[in-house]
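Shown next, in structure tokens, is the structure this report addresses.
So that the names make sense, note that chain A is the first sequence line, chain B the second, and so on, each numbered from 1.
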Amino acid sequence: SRSPTPMKLRDAPSACPSLWRCLPCPPAELRLDLVLSSGQSFRWWESSPGAWTGVLGGRVWTLRQDGDRLWYTVYGEEDEHEEEQQGGCPAKAAKLDAAETDRILRDYFQLDVGLSALYRAWGAADPLFRKVANDFPGVRVLRQDPVECLFSFICTSNNHISRITAMIERLCQAFGRRLCCLDSRPFHAFPSLSALTGADAEARLRALGFGYRAKFVSGSARAIAEGLGTEGLCQLRTEPYAEARRVLCALPGVGAKVADCVCLLSLDKAEAVPVDTHVWHIAQQRYGVALGGKSLTPRAYQEIGDFFRGLWGPRAGWAQAV
DNA sequence: AGTGTGCCTGGGAT
DNA sequence: AATCCCAGGCACA
Ligand SMILES: [Mg+2]
Ligand SMILES: [Mg+2]
């Protein structure tokens with residue numbers, strides 16, 4: 001039985017305060033706008049000025065930062081009893097209580113990591129960082145779901161942000177569980193691993209405009225399903241950086257850069273420094289890193305990562321996000 | 001082992 | 001208006 005009244009997007013707590021909660025969170029610790037539009041995640045949308053709507057932990061949320069508070073609201077799921085879970089994880093979504101939603105948000109934004117102290121340390125070690133940090137406070141690394149992060153970043157290689165975002169949107173629409181509709185716009189969960197292992201997955205992805213990445217997505221889904229599984233992928237959080245990176249690089253469509261993105265943004269490897277062409281140029285021009293050659297070779301990639309780890313320390317990946 | 005090349009797609013430049 | 005160019009790399013040879 002479908003809900004008789006369609007749900008609407010919520011804009012701010014003022015209209016209906018009882019549907020919102022908040023966490024203490026000063027702008028120096030988190031700048032929601034910078035973090036959610038920085039290209040770490042592709043699934044947040046500024047639904048109205050200052051309000052960010054997206055999917056997290058199988059629920060649709062709207063977030064808003066107001067001074068020292070991070071406000072949030074979680075939307076109810078439609079047709080819960082009709083949904084069949086295809087994967088191994090029977091996430092029978094009971095109504096989330098306030099303590100649980102608080103925990104999910106604190107975990108996603110890693111609010112237990114004090115950013116102010118890290119900014120001070122990076123700035124003390126690096127004058128160039130000080131300059132940038134002034135304009136970009138509160139930029140922190142999200143702790144994303146490993147499956148979403150992996151398949152999203154497989155889509156980023158040799159691609160444009162605008163197209164990446166559109167591709168991932170279509171991926172969720174076609175393969176992800178529908179969660180709810182807000183202002184008649186449907187929201188879908190990121191697909192489970194098993195949703196991407198079907199025999200026709202590659203063809204369907206091609207039809208969605210994935211190009212040659214269709215084979216990478218379906219191939220990596222297969223490889224993980226037949227290998228370590230979703231659980232094993234998540235277990236890489238407890239493995240050393242080098243091991244996680246090695247396992248990821250064995251997947252089709254995953255090389256050093258994508259692996260480092262997944263390590264940093266979903267597997268708790270704060271020392272991972274994803275090096276793209278932009279970072280490569282910065283390292284040479286602004287930091288004077290001496291590297292022969294006119295292409296980003298594996299050796300140069302390693303050297304640049306080592307350089308920034310030496311400069312910024314064990315959370316170099318966090319500093320680079322700024 | 002370290003390099004060079006081609007690649008789906010589509011928005012912006014020419 | 002067509003065509004070129006190339007972007008958050010990667011897999012191959
Ligand atoms: Mg390139
Ligand atoms: Mg690989």
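Atom CG in A/L291 sits about 12 Å away from atom P in B/dT3, given to the nearest Å. We find that CG of A/L208 is positioned 16 Å from C1' of B/dG10, with the value rounded to whole Å. The nearest whole Å value for the distance from the CD1 atom in A/I304 to the P atom in C/dG9 is 13 Å. The separation between A/K257 atom NZ and C/dA7 atom P is 13 Å, rounded to whole Å. Separating the CG atom of A/L296 from the C1' atom of B/dG4 is a distance of 14 Å, rounded to the nearest angstrom. Going from atom CH2 of A/W280 over to atom P of C/dA7 covers 11 Å, rounded to whole Å. The CG atom of A/L251 sits 13 Å away from the P atom of C/dC12 (whole-angstrom rounding). One can place CZ of A/R213 at 12 Å from P of C/dG8, the figure rounded to the nearest angstrom.
When the C1' atom is compared between B/dG10 and C/dA11, the two are found 23 Å apart, to the nearest whole Å. Between the C1' atoms of C/dG8 and B/dT3, the separation comes to 22 Å (whole Å). Distance check on atom P: C/dA13 versus B/dC8 gives 15 Å, rounded to whole Å. Spacing of C1' atoms, B/dG6 relative to C/dC5, comes out at 15 Å, to the nearest Å.
A/R21 places no side-chain N or O within donor-acceptor distance of the main-chain N or O of A/T73, the cut-off being under 3.5 Å.
Of the charged side-chain nitrogens involved, none lies within less than 4.0 Å of a carboxylate oxygen, so that A/R69 and A/D66 do not count as a salt-bridged pair.
Seen from the ring of A/W45, A/R185 counts as a face-on cation partner, given the 6.0 Å and 45° thresholds. Geometrically, A/R204 engages A/F175 in a cation-pi contact, judged by NZ or CZ lying under 6.0 Å from the ring centre and within 45° of the ring axis. Cation-pi check for A/R299 over A/Y301 is not met; the charged atom does not lie both under 6.0 angstrom from the ring centroid and within 45 degrees of its normal.
Nearest-nucleotide positions on DNA chain C place A/C261 closer to the 5' end than the other of A/V254 and A/C261. When each of A/C249 and A/L265 is assigned the nucleotide of DNA chain C bearing its nearest heavy atom, the one mapping closer to the 5' terminus is A/L265.
At a threshold of 4.0 angstrom between heavy atoms, the contacts of A/A256 are confined to the sugar-phosphate backbone, with no base atom among them. Across all strands shown, A/R299 has no heavy atoms under 4.0 Å from either base or sugar-phosphate atoms. Residue A/F42 is in base contact, counting any heavy-atom pair closer than 4.0 Å across all strands shown. At the heavy-atom level, A/G39 lies under 4.0 Å from base atoms of the strands shown. Within 4.0 Å (heavy atoms only), A/P274 reaches no atom of the nucleic acid at all. No contact: A/V279 has no heavy atom under 4.0 Å from any strand.
Between A/F308 and A/Y287, a ring centre-to-centre spacing shorter than 6.0 Å is recorded. A/F190 and A/F42 have their aromatic ring centers separated by at least 6.0 angstrom. Residues A/Y119 and A/F129 place their aromatic rings such that the two centres sit under 6.0 Å apart.
Of all the residues in residues 150-173 of chain A, A/N158, A/H160, A/R163 reach under 4.0 Å from DNA chain B with at least one non-hydrogen atom.
Judged by atom type and distance alone, A/Y212 reaches the base of C/dG9 through a side-chain donor-acceptor pair under 3.5 Å.
Within the shown strands, C/dC5 is the pairing partner of B/dG11 under the Watson-Crick or G-U definition, both distances less than 3.5 Å.
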